[in-house]
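Worksheet: one structure, shown below.
As a basis for the values below, the full set of heavy atoms in this structure was taken, side chains included, without hydrogen atoms, waters or symmetry mates.
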Amino acid sequence: MASAATPPAGTPGRADGAPVRSDRSPWNWLLLVPIVVPLLIPLFNRVEPTLFGWPFFYWVQLLFVGLGVLTTVIVYRATRRSPGDQAAARAAIARDAQDVRDARDATTRNGER
């Protein structure tokens, strides 16, 4: 079937016009930082300096939460699809859904005869 929706120029796509989706981005390696840093306990296993009476060990762990959020936001923004790719993906999904409906209708019509 021919498709009216085509991916934007310069976007890798399949023969049916749907953009190729790949989650293999080097940016994903950045997500290891908030996992590995809290495992390096000797770096923050101490009491001083305190912050509002909290030992360093505890308040630095709260900073690790912020580190996780920050790295997740950076990776998300660096790897999200462009608006053109999103539109092409939505068009491909709609086209596939229409193909399924057409096949179901054809099967129903053939079964009624």
Side-chain angles (χ1 to χ4, degrees):
M1 284 187 164
S3 171
T6 58
T11 302
R14 297 190 311 240
D16 64 355
V20 175
R21 176 70 175 163
S22 173
D23 292 330
R24 295 182 180 178
S25 171
W27 284 99
N28 291 338
W29 287 102
L30 192 59
L31 294 172
L32 287 176
V33 171
I35 295 170
V36 172
V37 171
L39 296 175
L40 304 173
I41 296 170
L43 296 177
F44 58 91
N45 188 16
R46 59 181 186 262
V47 175
E48 296 294 330
T50 59
L51 179 67
F52 305 114
W54 287 16
F56 180 76
F57 181 82
Y58 292 115
W59 64 262
V60 80
Q61 290 184 31
L62 289 175
L63 291 179
F64 292 154
V65 173
L67 176 68
V69 169
L70 181 65
T71 56
T72 303
V73 167
I74 290 170
V75 170
Y76 169 74
R77 289 183 181 244
T79 60
R80 67 181 170 181
R81 290 180 175 177
S82 68
D85 287 347
Q86 290 175 2
R90 279 193 294 275
I93 291 169
R95 185 177 58 252
D96 290 346
Q98 184 62 43
D99 290 346
V100 168
R101 285 191 295 270
D102 292 345
R104 186 181 59 226
D105 292 344
T107 303
T108 304
R109 275 183 264 136
N110 291 337
E112 290 177 357
R113 288 183 180 187

Problem set entry | ILVMFWY network linking L63 to L70, side-chain heavy atoms under 4.5 angstrom | yes
Seminar exercise, completed: In this structure, CG of D96 is separated from CZ of R101 (nearest 0.5 Å) by 10.5 Å
For this session: Please tell me if the side chains of F57 and N45 come closer than 4.5 Å, counting only heavy atoms from C-beta onward.
Result: yes
For this session: First locate atom CG of L62, then atom CG of L67, and finally report the distance between them rounded to the nearest 0.5 Å.
Result: 12.5 Å
Exercise. Do W54 and V60 sit in the same hydrophobic cluster, where Ile, Leu, Val, Met, Phe, Trp and Tyr count as joined when their side-chain heavy atoms come under 4.5 Å apart?
Worked result: yes
Exercise. Is V65 reachable from L43 through a run of I, L, V, M, F, W or Y residues, each pair having side-chain heavy atoms under 4.5 Å apart?
Worked result: no
Exercise. Can you name the closest pair of heavy atoms from P34 and G68 and give their distance?
Worked result: CB-CA, 3.6 Å
For this session: Nearest 0.5 Å please: distance from the CG atom of L31 over to the OH atom of Y76.
Result: 14.0 Å
For this session: Locate the shortest heavy-atom distance separating Q61 from F44; write the atom from each residue and the value.
Result: NE2-CE1, 4.0 Å
Exercise. Looking only at atom types and distance, does a side-chain atom of W59 sit under 3.5 Å from a main-chain N or O of F52, one as donor and one as acceptor?
Worked result: no
For this session: Drop me the distance from I74's CD1 to T79's OG1, to the nearest 0.5 angstrom.
Result: 11.5 Å
For this session: Please answer: with hydrophobic residues joined when any side-chain heavy atoms are less than 4.5 Å apart, are L32 and V37 in the same cluster?
Result: no
Seminar exercise, completed: Of all heavy-atom pairs linking T50 and V47, the shortest is CG2-O, 3.6 Å
Exercise. Regarding Q98 and R95, is there a side-chain donor-to-acceptor distance under 3.5 Å anywhere?
Worked result: no
Exercise. Does the side chain of L51 reach to within under 4.5 Å of the side chain of Y58, using non-hydrogen atoms?
Worked result: no
Seminar exercise, completed: OG1 of T107 to CG of D102, rounded to nearest 0.5 Å, is 10.5 Å
